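Worksheet: the structure to be examined is printed underneath.
Just the heavy atoms: all of them, side chains too, but no hydrogens, waters or symmetry mates, feed the values below. Order of appearance sets the numbers: ligands from 1, and atoms from 1 within every ligand. Bear in mind the structure is a predicted one, so any value in this text is a computation, not a measurement.
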Amino acid sequence: MIAKHSAPMLLSIPNVRNEMGSLGVIEFKSLIDFEVKRTYFIHSIPEGSERGSHAHKALWQLMFAPSGAFKICLDDGVSFYEFKLENASQALLIPPGYWRTLRDFSSHAVCVVLASDVYDESDYIRNYDEFLKWRSS
Ligand code: T46
């Protein structure tokens, strides 16, 4: 994979707006430089829920909130980052190797994820101590 970024980064999603509404566009090459092999979305999230609490070894992700809002906390074992996604004009690029927790979901929040690969449980690290060991190795 060609990696243009190695730090998490907020990107602006171009939106075409007219009197009938808005159309957001996420295009390979112009916005992201990984090919999307999977799209998934999290919705119907009960109040107070947290999602995530894991890291990916190789997966690149672009995450956005077409509806509602939520926070994403990222951790590379040394630095901590917090982002809030709250409109359809912003997306968060998450490179591999970040422990993530998603929280503070508003009502009707939807989290859409474009991912660089198909689902593979062996790409996950779900134990924080293992994650720290993996980061430092
Ligand atoms: C991430 C956050 C934001 C599948 O069968 N296929 C899939 O593509 C995915 C993503 C999950 N699953 C199964 C695996 C579990 O049995 O769905 C169940 C819930 O998955 P998980 O506990 O990983 O859900 P989250 O919300 O904690 O994490 C998900 C993604 O797994 C992860 O990549 O970054 O959303």
- Message: Assess whether a salt bridge exists between Asp104 and Lys71, defined as any Lys/Arg side-chain N lying under 4.0 Å from an Asp/Glu carboxylate O.
- Response: yes
Verify whether one side chain among [X] and [Y] offers a donor that lies under 3.5 Å from an acceptor in the other.
X: Ser89; Y: Arg17; value: yes
X: Tyr40; Y: Gln61; value: yes
X: Asp75; Y: Tyr128; value: yes

- Message: With a 4.0 Å heavy-atom cut-off, what residues sit around ligand 1?
- Response: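 Protein residues near ligand 1 are Arg38, Tyr40, Ile42, Arg51, Gly52, His54, His56, Gln61, Met63, Arg100, Leu102, Tyr119, Tyr124, Arg126.
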- Could you tell me whether the side chain of Val36 reaches within less than 4.5 Å of the side chain of Ser116, counting heavy atoms only? no
- Message: I need the Glu50 CD to Arg100 CZ distance, nearest 0.5 Å.
- Response: 14.0 Å
